[in-house]
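The block underneath contains the structure these notes are about, expressed in C-alpha coordinates.
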Amino acid sequence: MIDIKRFREYLVELMVYTNEESSADVQIEGVAIGVHQGHMIKKLKDKSGIWLCANYPDAVMSGTDDQHSDRNKVVLFLMEKVSSGQHTDDEELDHYAKMQHLFLILRKYLLNNSASCGQFVTGEALEQEWEYDIFGGWNGLSVMFNLNDYD
(Lines give C-alpha, C1' and ligand atoms only; values in the text may rest on other atoms or scores of the structure.)
Protein backbone atom coordinates (compact mmCIF):
# COMPACT_ATOMS: atom_id res chain seq x y z
CA MET A 1 0.00 0.00 0.00
CA ILE A 2 1.02 3.59 -0.57
CA ASP A 3 2.45 5.37 2.45
CA ILE A 4 -0.56 7.60 3.15
CA LYS A 5 1.49 10.50 4.55
CA ARG A 6 3.71 10.51 1.46
CA PHE A 7 0.57 10.32 -0.69
CA ARG A 8 -0.74 13.52 0.93
CA GLU A 9 2.64 15.21 0.31
CA TYR A 10 2.35 14.14 -3.33
CA LEU A 11 -1.10 15.77 -3.55
CA VAL A 12 0.31 18.99 -2.07
CA GLU A 13 3.13 18.89 -4.65
CA LEU A 14 0.50 18.42 -7.36
CA MET A 15 -1.48 21.40 -6.04
CA VAL A 16 1.63 23.63 -5.87
CA TYR A 17 2.67 22.73 -9.42
CA THR A 18 -0.83 23.33 -10.77
CA ASN A 19 -1.07 26.71 -9.01
CA GLU A 20 2.36 27.78 -10.32
CA GLU A 21 1.30 26.95 -13.89
CA SER A 22 -2.14 28.55 -13.62
CA SER A 23 -3.18 32.19 -13.59
CA ALA A 24 -3.34 33.95 -10.23
CA ASP A 25 -7.14 34.17 -10.30
CA VAL A 26 -7.62 30.38 -10.73
CA GLN A 27 -5.88 28.58 -7.86
CA ILE A 28 -6.44 25.41 -5.83
CA GLU A 29 -7.16 26.38 -2.22
CA GLY A 30 -6.24 23.11 -0.54
CA VAL A 31 -6.17 19.33 -0.42
CA ALA A 32 -8.72 17.04 1.23
CA ILE A 33 -8.53 13.24 1.54
CA GLY A 34 -11.50 11.08 2.52
CA VAL A 35 -12.41 7.43 2.86
CA HIS A 36 -15.84 7.71 1.20
CA GLN A 37 -18.37 10.29 0.01
CA GLY A 38 -19.83 10.99 3.47
CA HIS A 39 -16.34 11.60 4.84
CA MET A 40 -15.56 14.07 2.04
CA ILE A 41 -18.87 15.91 2.55
CA LYS A 42 -17.88 16.57 6.17
CA LYS A 43 -14.39 17.73 5.20
CA LEU A 44 -15.67 20.15 2.54
CA LYS A 45 -18.71 21.41 4.44
CA ASP A 46 -17.43 24.92 5.22
CA LYS A 47 -14.88 25.22 2.40
CA SER A 48 -14.97 27.52 -0.60
CA GLY A 49 -12.85 27.90 -3.71
CA ILE A 50 -11.30 25.10 -5.75
CA TRP A 51 -10.15 21.98 -3.89
CA LEU A 52 -8.10 18.96 -4.88
CA CYS A 53 -9.74 15.96 -3.24
CA ALA A 54 -8.70 12.32 -3.19
CA ASN A 55 -9.71 8.98 -1.81
CA TYR A 56 -7.52 7.02 0.55
CA PRO A 57 -6.23 4.59 -2.10
CA ASP A 58 -7.45 1.00 -1.87
CA ALA A 59 -4.86 -1.61 -2.85
CA VAL A 60 -4.69 -5.12 -4.28
CA MET A 61 -1.47 -7.00 -3.53
CA SER A 62 0.07 -9.53 -5.92
CA GLY A 63 2.96 -11.85 -5.22
CA THR A 64 4.41 -13.10 -1.95
CA ASP A 65 5.37 -11.32 1.24
CA ASP A 66 9.03 -11.28 0.11
CA GLN A 67 8.39 -9.99 -3.40
CA HIS A 68 5.12 -8.29 -4.15
CA SER A 69 3.49 -5.36 -5.86
CA ASP A 70 0.42 -3.35 -4.95
CA ARG A 71 -2.05 -1.86 -7.40
CA ASN A 72 -3.53 1.20 -5.71
CA LYS A 73 -6.81 2.63 -7.00
CA VAL A 74 -6.67 6.44 -6.86
CA VAL A 75 -9.48 8.90 -7.58
CA LEU A 76 -8.68 12.62 -7.66
CA PHE A 77 -11.34 15.32 -7.80
CA LEU A 78 -10.77 18.93 -8.80
CA MET A 79 -13.88 20.61 -7.41
CA GLU A 80 -15.50 23.97 -6.73
CA LYS A 81 -18.71 24.49 -4.76
CA VAL A 82 -21.50 25.84 -6.95
CA SER A 83 -25.10 26.14 -5.77
CA SER A 84 -27.67 24.46 -8.01
CA GLY A 85 -29.22 26.99 -10.34
CA GLN A 86 -26.58 29.61 -9.52
CA HIS A 87 -25.30 29.80 -13.09
CA THR A 88 -26.89 30.45 -16.44
CA ASP A 89 -25.95 27.96 -19.16
CA ASP A 90 -23.16 30.26 -20.40
CA GLU A 91 -21.81 30.80 -16.86
CA GLU A 92 -21.89 27.06 -16.24
CA LEU A 93 -19.94 26.48 -19.45
CA ASP A 94 -17.39 29.13 -18.40
CA HIS A 95 -17.06 27.46 -14.99
CA TYR A 96 -16.41 24.03 -16.49
CA ALA A 97 -13.96 25.54 -19.01
CA LYS A 98 -12.02 27.13 -16.12
CA MET A 99 -11.97 23.81 -14.28
CA GLN A 100 -10.91 21.97 -17.44
CA HIS A 101 -7.97 24.33 -17.96
CA LEU A 102 -6.79 23.73 -14.38
CA PHE A 103 -7.41 19.99 -14.73
CA LEU A 104 -5.25 19.75 -17.86
CA ILE A 105 -2.35 21.33 -15.94
CA LEU A 106 -2.88 18.81 -13.14
CA ARG A 107 -3.04 15.93 -15.64
CA LYS A 108 0.25 17.05 -17.23
CA TYR A 109 1.93 16.76 -13.83
CA LEU A 110 0.43 13.29 -13.30
CA LEU A 111 1.75 12.08 -16.64
CA ASN A 112 5.23 13.59 -16.26
CA ASN A 113 5.87 13.00 -12.55
CA SER A 114 4.15 9.71 -11.80
CA ALA A 115 7.10 8.19 -9.95
CA SER A 116 7.63 11.02 -7.48
CA CYS A 117 5.41 9.50 -4.77
CA GLY A 118 7.55 6.55 -3.77
CA GLN A 119 8.38 3.79 -6.20
CA PHE A 120 5.24 3.52 -8.23
CA VAL A 121 4.08 4.55 -11.66
CA THR A 122 0.72 5.33 -13.20
CA GLY A 123 -1.07 2.59 -15.05
CA GLU A 124 -1.95 2.75 -18.70
CA ALA A 125 -5.23 4.68 -18.46
CA LEU A 126 -6.46 7.85 -16.84
CA GLU A 127 -10.27 7.69 -16.64
CA GLN A 128 -11.53 11.29 -16.61
CA GLU A 129 -15.11 12.37 -15.85
CA TRP A 130 -17.10 15.56 -15.44
CA GLU A 131 -18.69 15.90 -12.00
CA TYR A 132 -21.90 17.70 -11.04
CA ASP A 133 -23.38 18.22 -7.57
CA ILE A 134 -21.24 15.72 -5.66
CA PHE A 135 -20.03 15.99 -2.06
CA GLY A 136 -22.95 18.28 -1.25
CA GLY A 137 -22.91 20.69 -4.22
CA TRP A 138 -19.44 20.55 -5.79
CA ASN A 139 -18.76 20.56 -9.55
CA GLY A 140 -15.63 19.89 -11.57
CA LEU A 141 -13.70 16.92 -12.89
CA SER A 142 -12.32 13.66 -11.60
CA VAL A 143 -9.62 11.30 -12.74
CA MET A 144 -9.26 7.66 -11.75
CA PHE A 145 -6.12 5.61 -12.26
CA ASN A 146 -4.04 2.83 -10.79
CA LEU A 147 -0.68 3.38 -9.19
CA ASN A 148 1.60 0.38 -8.94
CA ASP A 149 4.23 0.19 -6.23
CA TYR A 150 6.76 -2.55 -5.77
CA ASP A 151 8.39 -3.82 -2.60
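Quick note: residue numbers are just sequence positions, from 1. In this text the structure is predicted, and so the values were computed from the model without any measurement.
- Put simply, the side chain of T18 does not reach to within 4.5 Å of the side chain of L52, judged on heavy atoms.
- Side-chain contact between E13 and Y109: present, with at least one pair of heavy atoms (C-beta onward) separated by less than 4.5 Å.
- E80 and W138 get closest at one heavy-atom pair: C-CE3, 3.3 Å.
- One finds no salt bridge joining K108 and E21 here, because no Lys/Arg side-chain nitrogen approaches an Asp/Glu carboxylate oxygen to under 4.0 Å.
- Taking 4.5 Å as the limit, some side-chain heavy atom of Y132 sits within range of a side-chain heavy atom of E92.
- Of the candidates L14, V143, I105, I28, L78 forms a side chain to side chain contact (heavy atoms under 4.5 Å, CB included) with just one, namely I28.
- Atom-to-atom distance recorded for Q128:CD and L76:CG is 11.0 Å, nearest 0.5 angstrom.
- L102 places none of its side-chain heavy atoms less than 4.5 Å from the side chain of K98.
- Here E20 contributes atom CD and M15 contributes atom CE; the two are 10.0 Å apart, rounded to the nearest 0.5 Å.
- Smallest separation of non-hydrogen atoms from R8 and V31: NH2-O, 4.1 Å.
- Listed by chain and residue number, D25, V26 satisfy the side-chain contact (heavy atoms from CB on, under 4.5 Å) test with S23 (two or more places apart in sequence, or in another chain).
- Hydrophobic cluster membership is shared by I2 and V35, with clusters built from Ile, Leu, Val, Met, Phe, Trp and Tyr side chains linked at under 4.5 angstrom.
- No donor-acceptor pair closer than 3.5 Å links the side chain of N19 to the backbone N or O of Q27.
- Cluster annotation: I50 is connected to L11 through the hydrophobic network of ILVMFWY side chains, with a link wherever side-chain heavy atoms come within less than 4.5 Å.
- Panel note: side chain N55, backbone K73; a donor-acceptor pair is recorded below 3.5 Å.
- Every residue meeting the side-chain contact (heavy atoms from CB on, under 4.5 Å) condition with E29, not counting sequence neighbours, appears here in chain and number order: W51.
- The two residues W130 and Q100 make their nearest non-hydrogen contact at CH2-CB, 3.8 Å.
- Nearest heavy-atom pair across N72 and P57 is CB-CB, 4.1 Å.
- With contacts defined as side-chain heavy-atom distances shorter than 4.5 Å, the pair M99/N139 does not qualify.
- With contacts defined as side-chain heavy-atom distances shorter than 4.5 Å, the pair C53/V75 does not qualify.
- The cluster map of Ile, Leu, Val, Met, Phe, Trp and Tyr, joined by side-chain heavy atoms under 4.5 Å apart, puts F135 and F103 in different clusters.
- From L106, atom CG reaches atom NE2 of H101 across 12.0 Å, with rounding to the nearest 0.5 Å.
- The nearest pair of heavy atoms linking I41 to G136 is CG1-N, 4.0 Å.
- Residues F145 and L126 come closest through the heavy atom pair CB-CD2, 3.4 Å.
- Listed by chain and residue number, F77, M79, E129, I134, S142 satisfy the side-chain contact (heavy atoms from CB on, under 4.5 Å) test with E131 (two or more places apart in sequence, or in another chain).
- Note on L141 and M144: separate hydrophobic clusters, where clusters join Ile, Leu, Val, Met, Phe, Trp and Tyr whose side-chain heavy atoms are under 4.5 Å apart, directly or indirectly.
- The closest side-chain heavy-atom distance from V74 to F7 is below 4.5 Å.
- Residues M40 and Q37 form no side-chain contact, since every pair of their non-hydrogen atoms from C-beta on lies 4.5 Å or further apart.
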